[in-house]
Amino acid sequence: MRLSPYTVAIGVVAAVITFFPALTDNLYYQNMVILSLVFAISAAGLNVITGYTGYISLGQGAFLGIGAYVCAILSQHVDVSPFVWVPLAGVVAAAVAMLLGLVTFRSRGPSFVIITIAFLFLVQFVATNWTSLTNGSAGITMPLPDWDPALGNWPFHLALVVLLALSLVMSWWIRRTKFGMGLIAIREDEDKAGTIGVNAPVYKLLAFGASALFVGMAGAVYGYYLTFVDPIGMFTILVSVQIVLSLILGGRGTLFGPVLGAFIIEPVNAVANNEFGGGNVRLLLFGALLVLLVLLLPRGILPTVAGLPARRRTRGTAGLTGARLEIAERPPPPAAPAPSGKVLLEVKGLAKSFGGLRAVDGCSFTVPEGSITGLIGPNGSGKTTVFNLIGGSMEGDGGEIWLDGRRIDRLPPWSRAHLGLGRTFQTTRLFNEMTALENVVAPLRDFSFGQLRLDGVSGAEAAKAQELLDFVGMGAYRDHPAGQLSYGQQKLVELAQILVLDPRLILLDEPAGGINPTLIERMGSLIRELNADGKTFLLVEHNMPFVLGLCDPIRVLAQGRCLAEGTPQEIQRDPRVVEAYLGDDYLLESTNGGR
Ligand SMILES: Nc1ncnc2c1ncn2[C@@H]1O[C@H](COP(=O)(O)OP(=O)(O)OP(=O)(O)O)[C@@H](O)[C@H]1O
């Protein structure tokens, strides 16, 4: 078996780190490596919530402190080795992290960052003021290690090496499972993730727990190593900043980036501490480093280095835009089965205002099962808002939505997806950093713990995804990152993506918008073929020949209400529709047979 230079390099670095105390007796360097290990574990944990899930936390240091305190408090009362408390410290930290996840359930972006800082200060406040438990600002002194002094730092060092290895295994495991894919989907576009079935609250909660588990354990070992914990030392924001810096420097979302970052930042921090007096100098150093990183190396070291060969290869080429689709000759779709006469979707009195603007104003219409129903209307008449309300990515002010006899307007988007609702967006919203195939396997059925161990892309699901990509003509592009595909190609992949959950009703928002005539034709025949296969469509589109040739019935929206409905022929002749949307020229053209 031949090992790649990358594997050999990692093996050598791992061996050097593991046996570092054997390489030098110098306690200064041993301490530096021990602290680097603590920060590497913390950054690897943060990677789960920040790198994979996209939530930047400045409270990660709190979990180190919580772990250290759990160990310190228990050591005061039970006379056993403090190492015994390490697993429990991890569980407590994970439980607190999940609690934080619950509280921050609805916050994103900067407000999430601020809440995590507030959380850190809150934990520090509790540690300072709950004196009966924590001994307040005086802190807790832990027992000195009782092992043979000849062993020196070995037990601490090895315990941290094991914890780092475990946290990397967890990180790797998460990334390759359906759970990890769900987290990446949340990072890339949380609203979109909801519409393809990803139950974001549950996923985020589990990610929070996972991100703190080994950090709490490392905190316990760290506290024992210091033999002293106090609120100032344990919950300073500098620790959290250093963890974030380590992650950003090494590379968010990569397996080894957090370790690399931690082993660079901690020695820099130690030098600043020793040579320049610590304290404010560290603040200055961290601030400057953060600015430089964001400006010069926003993706971090590992992703930048990994991207270099690819960039060299693609320099000067046009990328994938304009590449030919595999449009195989397909037999004409069989005739659609006769409509069942059943109503699949019913919206009643739907309303949504933005400030003083009534975007949707008492809108009611139905979509018969087995139909390709068109939803047309002038710009700003509320079509996309109606789609957002039906899909659940927006909450309405009133009205009801019924899918196959079940009221769904109070359900979250992922539950609607699980009930058989699929939607595409006016401007396609694929997960750009995933490949086309990963995008198609990203949709998730109801949450189950099995998703924590199922491979992200494998087995029957991967085969089905490939089949769907072939169906839309994108099979050859399965391994291309979605962000590199042309707009039309992305539309086709997005169609394949929603088909994977086998939806009964498909909402298409401008499927023919912004794509070339060949693709428009292709899109039309795919819709017909799927319709013949039993899928019902509700379709928003401005391309009138496309709508009139494909849809029956058609609903017309104007000023947020359903103005008219009927067959394409009835709609074209309806004077209210002509006046509000189609215009006299259109009527003239169509009656002259000019279309
Ligand atoms: N998030 C929002 N905040 C404020 N106003 C909004 C928002 N979304 C939509 N609107 C407004 O609501 C009205 C309806 O918009 P909507 O996008 O639903 O119309 P549409 O019929 O889909 O238009 P188009 O055909 O141009 O896509 C518009 O006046 C729009 O500016």
Side-chain angles (χ1 to χ4, degrees), residues 106-111 189-195 345 347-367 372-401 409 412-413 416 421-429 487-488 490-491 494-495 498 505-515 520 523 527 537-548 550-551 553-565 568 571-572 574 576-583 585-586:
R106 282 177 182 275
S107 67
R108 293 185 196 177
S111 61
D189 186 341
E190 189 165 341
D191 289 332
K192 158 86 185 191
T195 67
L345 178 84
V347 301
K348 292 191 219 171
L350 220 49
K352 177 73 188 174
S353 297
F354 299 107
L357 174 79
R358 284 170 175 262
V360 180
D361 189 12
C363 176
S364 302
F365 63 86
T366 58
V367 175
I372 305 177
T373 300
L375 186 63
I376 61 171
N379 292 116
S381 56
K383 302 179 297 294
T384 296
T385 308
V386 165
F387 262 31
N388 288 338
L389 295 174
I390 299 173
S393 47
M394 199 177 261
E395 259 178 58
D397 302 330
E400 294 175 10
I401 304 166
D409 48 86
R416 301 185 200 198
L421 194 69
R423 80 162 287 193
T424 64
F425 290 82
Q426 195 169 340
T427 310
T428 51
R429 284 167 69 172
Y487 188 61
Q490 291 190 16
K491 279 206 178 255
E494 197 175 41
L495 180 61
I498 55 166
L505 173 65
I506 299 175
L507 312 181
L508 297 181
D509 200 347
E510 300 198 17
I515 58 176
I520 294 179
M523 190 61 91
I527 295 170
F537 284 87
L538 175 63
L539 191 149
V540 162
E541 188 49 69
H542 284 292
N543 179 331
M544 275 307 112
F546 184 79
V547 173
L548 297 173
L550 192 67
C551 301
I554 293 175
R555 317 299 186 205
V556 186
L557 276 197
Q559 295 173 336
R561 284 168 196 240
C562 192
L563 173 78
E565 46 190 12
I571 289 299
Q572 286 178 86
D574 190 320
R576 292 170 303 167
V577 180
V578 172
E579 191 194 345
Y581 185 42
L582 297 177
D585 289 350
Y586 187 87

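Just so you know, these numbers come straight off a predicted model, no measurement behind them. Counting starts at 1 for both ligands and their atoms, following the listed order. Residue indices begin at 1 and follow the sequence shown.
- Within ligand 1, counting atoms from 1 as listed, the ones closer than 4.0 Å to a heavy atom of T384 are 17 (O), 18 (O), 20 (P), 22 (O), 27 (O).
- By the definition of a contact as any protein heavy atom under 4.0 Å away, atom 31 (O) of ligand 1 is not in contact.
- In this structure, the separation between CG on L421 and CD1 on I506 is 9.5 Å, given to the nearest 0.5 Å.
- Atom 14 (C) of ligand 1 has G380 O, 3.5 Å as its closest protein atom, hydrogens excluded (heavy atom only).
- Each of I390, L508, D509 was checked for a side-chain contact (heavy atoms from CB on, under 4.5 Å) with R423, and the lone residue meeting it is D509.
- The only member of I520, I515, L548, L550 that meets side-chain contact (heavy atoms from CB on, under 4.5 Å) when paired with N543 is I520.
- By the criterion of a heavy-atom distance under 4.0 Å, neither the backbone nor the side chain of L557 is placed next to ligand 1.
- The environment of R561 atom CZ is sparse: at most 12 non-hydrogen atoms of other residues, nucleotides or ligands sit within 6.0 angstrom.
- Distance from atom 11 (C) of ligand 1 to its nearest protein heavy atom, with residue and atom name: L357 CD2, 3.5 Å.
- From the protein, the heavy atom lying nearest to atom 3 (N) of ligand 1 is F354 CD2, 3.4 Å.
- Regarding atom 15 (O) of ligand 1, its nearest protein heavy-atom neighbour is T385 OG1, 3.8 Å.
- Inclusion of M394 in the set of residues having an N or O under 3.5 Å from an N or O of ligand 1 is not warranted.
- Near P378, meaning under 4.0 Å from one of its heavy atoms, ligand 1 places the atoms 21 (O).
- For atom 21 (O) of ligand 1, the nearest non-hydrogen atom of the protein is K383 NZ, 2.8 Å.
- If you number the atoms of ligand 1 from 1 as listed, the ones under 4.0 Å from a heavy atom of Q426 come out as 27 (O).
- Note: no N/O pair closer than 3.5 Å links G377 and ligand 1 by distance alone.
- Between the side chains of T428 and E494, no donor N or O sits under 3.5 Å from an acceptor N or O.
- By the 4.5 Å heavy-atom criterion applied to side chains, T384 and E510 are not counted as neighbours.
- Distance check: I571 CD1 to C551 SG gives 11.0 Å after rounding to the nearest 0.5 Å.
- Using a cut-off of 4.0 Å between Lys/Arg side-chain N and Asp/Glu carboxylate O, K192 and D189 are scored as not salt-bridged.
- At the top of the distance list for atom 24 (P) of ligand 1, counting protein heavy atoms only, stands N379 ND2, 3.7 Å.
- Within a 6.0 Å sphere centred on CD of Q559, other residues, nucleotides and ligands contribute 12 heavy atoms or fewer.
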